[in-house]
Amino acid sequence: MGSANNASLGDVVVGTEVITQLPPPAQVSVSRGNSPSAVLLSWSSVSGAVSYCLERAVVTARNSSGGFDEPSEEEFSTINSCIYGTSYTDMILSDPDYGADEYSYGYFYRVSAENTREKYDSSEFTEPRCGWLFPPPSAVKADLGQSATEIKVVWDKVTNASWYEIYRSTDPSGIGPVRVGRVAGNQCWFKNAIGEKDQGIEFYYIVYAGNSSAKSVSSSVALGYAIVSGSPTRPGNVAVVAGSGRGDSLASISVTWSPVVAETDISYSVYRTSSSDSSFTLLSPSVSSTGYTDSSGLEPGVYYYYQVQAWTIDPETAQKVKGPMSDSGPSSAAPAEGFILGPPSAIASLKDGSGVHTLRWTISTGSDAERASWSYAIYGDSSEAGAFSTLVEKVSPSSLTVADDGWYERAMATSYPFYKIRTVNAAGLESAPSAITAPAPFAAEGVSVSRHAYIDADPNTSGVYPVKIEWSKPSSDDPAGYLVYRSTKADSGFRQVTEEPITALSYVDDNPVAKAGKRYFYKILTINTLSQGSNFSAPAYGWGALSHEQYMREYNKTVMGSQGKLTLMHKTDDMAKLGSETVSGAISGTLAYNAAVQGLGARVKMHYENYADLYIESTDTALGPVFRITGDTNTTASMDASGTMDGTVACEGMYPGNVYYDNIKIKSGAAGGGTYGIQPEGFPRREVDYTVGNE
Amino acid sequence: MKHDFTRGSALMGILAAVALAAFATGCAAPSPLYGTWSDNQGNKISFVDELSYTATVVDSSGTSVSYSGSYSVLLNTLVFNKNSGGTVVTEWDIRGNIMYLNWVDADNETKALSLYKTSN
């Protein structure tokens with residue numbers, strides 16, 4: 001037998017704990033700045049779990065305190081439904097770049113333990129945990145001719161960085177960089193000493209952040225140079241031309257500056273940075289006048305900043321001698337800031353119970369005074385692909401409501417399925433149109449879920465048929481599609497069942513983990529053609545019918561429980577089994593037992609009258625019993641201990657139907673053959689082997 | 001007498017069928033399992049008749065908890081069918097007043113238990 005572990009009697013007689021629902025993982029770890037491209041997760045294992053379901057919600061904006069607000073339950077979506085280990089790498093950026101918006105996002109994760117093989121209920125999800133990527137240094141800037149002997153590089157601090165490395169290149173795109181220094185994580189600047197031979201050379205600086213587990217991608221490129229002795233002075237009064245650069249055009253911005261006085265001929269180089277990209281763009285290397293009009297790839301919703309550099313040719317060396325850059329960048333006290341006229345940068349729409357549409361929008365450029373001089377043209381169309389040529393309203397800011405979040409709001413007198421908005425400046429120039437918005441459709445109505453209904457499909461491995469969810473479209477709306485959500489609870493835990501929106505008004509859910517005796521709740525989300533939706537229907541619940549075999553197993557729980565209460569039939573002495581007795585169900589009804597001699601044999605009658613022992617889900621008495629049974633299960637046997645059974649039991653409750661005993665055979669004093677006739681409501685009768693229910 | 005015998009046999013078969021339980025027949029000698037047995041942790045089990053047992057087990061909090069179930073014997077195999085669910089199949093042997101049980105649990109570990117007879 002080999003070595004054996006000493007056991008106690010408890011190991012023999014104490015029942016194994018029956019798992020019905022798994023607990024969630026006790027701990028979840030989410031990386032915060034440990035990778036420039038991925039969020040790394042790990043969690044504690046759950047006893048009894050085979051796999052884990054991982055859900056994620058992305059929060060794209062920080063709150064006023066700089067953190068991320070926890071997303072609502074509906075914002076989570078499954079990113080991997082079957083992870084066999086206890087860790088996961090969520091690859092956010094396959095080709096990370098410093099300009100990726102994802103570096104500013106918060107990623108919330110939650111984990112659920114599952115075991116579909118044993119058909120355990122999935123665990124509750126863990127509390128959401130937030131993680132984020134390791135970003136590169138931002139706002140990298142270098143001196144632009146402030147000194148002849150050094151170039152100072154500065155950048156914004158990166159959370160979780162323990163060091164920074166500074167590289168330098170002479171190529172504007174930063175190709176072929178050479179490392180020039182490394183500083184500790186608490187220092188966000190670096191002074192690059194410049195020798196005489198490097199004066200006047202334009203260097204392009206990039207910065208990496210790093211910690212013990214990761215190195216960031218490179219920052220944006222920052223131009224820097226040291227001046228040469230005798231170079232021209234800094235151009236002054238660089239400014240956007242009034243009426244030609246702040247929402248005055250759709251495609252150009254004009255700047256001007258004061259001339260630099262020198263003994264030699266002076267030319268100017270014009271550079272541009274923007275609110276979306278801090279790297280310098282050389283617009284023109286040689287401007288002889290004191291003005292320039294920029295029409296190079298300008299985008300709406302972006303501020304542009306212009307800086308000018310004066311230069312001359314050294315008569316002795318014939319080399320280009322550059323002066324310092326003008327003090328007109330984004331951090332200047334008087335920036336040369338311009339923008340083209342653009343539409344609202346964000347737009348949304350709502351619909352109230354009476355069907356009135358309210359449009360909301362905000363615009364990202366322009367001062368308060370400039371915005372006050374603009375108006376907004378609202379265009380509507382019946383089609384997403386339409387021309388949007390119908391002007392619904394033209395409104396000035398004074399007639400708009402300003403919400404707490406600073407957005408404009410306008411209740412529409414005339415409704416259209418889709419809207420676009422154009423900004424109109426004081427001169428009557430209209431911007432390009434905004435993105436399309438369409439109000440989220442109303443919630444679906446009359447959601448119903450089938451209960452023990454026959455569905456023309458196969459039952460799952462637990463013997464439970466699919467359920468059919470049906471609903472009506474909102475009476476005063478016409479959604480483009482519907483998404484179905486399911487949960488085991490009425491008020492939380494809903495997961496999307498349909499991967500894609502469906503247009504039908506019904507859905508058959510062949511839930512592979514559905515179990516007998518369990519209710520399932522469903523909600524419907526209506527969405528518009530832009531796949532936007534926010535209105536869920538009220539939840540409704542139902543349950544699938546049982547296969548004939550499973551029906552017998554579930555029914556037999558009530559029967560076996562009732563017979564366990566009888567005393568006469570369990571007497572050791574056969575003669576003592578004769579007689580009558582009646583026992584009561586835990587919920588309702590009775591079982592009457594009567595055994596008497598009949599001829600050379602005997603007849604045992606058992607009559608059930610509204611007998612019920614078990615509540616649905618054993619929790620809520622208002623739900624009623626799983627089975628409430630009424631009928632007879634009688635046995636007639638001859639003196640050789642063989643015989644037959646007869647009788648029919650009608651079942652009510654969660655699974656209405658009938659159980660027929662007229663094909664059961666008694667052989668050698670036991671149920672030795674034949675079949676139970678099982679007829680769930682809505683199904684034809686089918687014969688089930690006498691051994692089913694006693695496996 | 002004959003009539004009583006016939007009637008009794010028929011009833012036995014019928015009632016067994018209704019209860020869906022197997023009745024042992026023809027045992028003349030009492031089972032050696034009968035009686036009360038204890039392990040060395042203060043737990044007790046009583047084999048009440050040919051069908052059932054009752055046990056008292058002290059749990060981790062010191063509380064005595066009662067369990068019951070049925071059992072069956074085939075040669076040197078003893079099968080415990082716990083009312084709370086689950087079955088333990090074990091070899092058994094009685095030497096003197098000590099019953100030795102050996103089985104393999106769900107984790108594939110070999111277990112050994114000695115029970116001492118405390119009363120008949």
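In the text below, chain A, chain B and the rest are named by the order of the sequence lines, each starting its count at 1.
Counted by atom type alone, B/N102 and B/Y100 present zero donor-acceptor pairs between their side chains at under 3.5 Å. Side chains of A/Y52 and A/E114: a donor-acceptor N/O pair is absent below 3.5 angstrom, by distance only. For the 3.5 Å distance criterion, the side chains of A/H548 and A/Q550 fail to qualify, holding no donor opposite an acceptor.
Not counting sequence neighbours, the partners of B/V79 by the side-chain contact (heavy atoms from CB on, under 4.5 Å) test are B/S72, B/T77, B/N81, B/T87, B/V89. Under the side-chain contact (heavy atoms from CB on, under 4.5 Å) criterion, A/A650 pairs with A/N658, sequence neighbours left out. Residues satisfying the side-chain contact (heavy atoms from CB on, under 4.5 Å) test with B/V73, not counting sequence neighbours, are B/L33, B/Y71, B/L78, B/W92.
For residues 36-44 of chain B, heavy-atom neighbours of chain A at less than 4.5 Å comprise B/D39, B/Q41, B/N43, B/K44, sorted by residue number.
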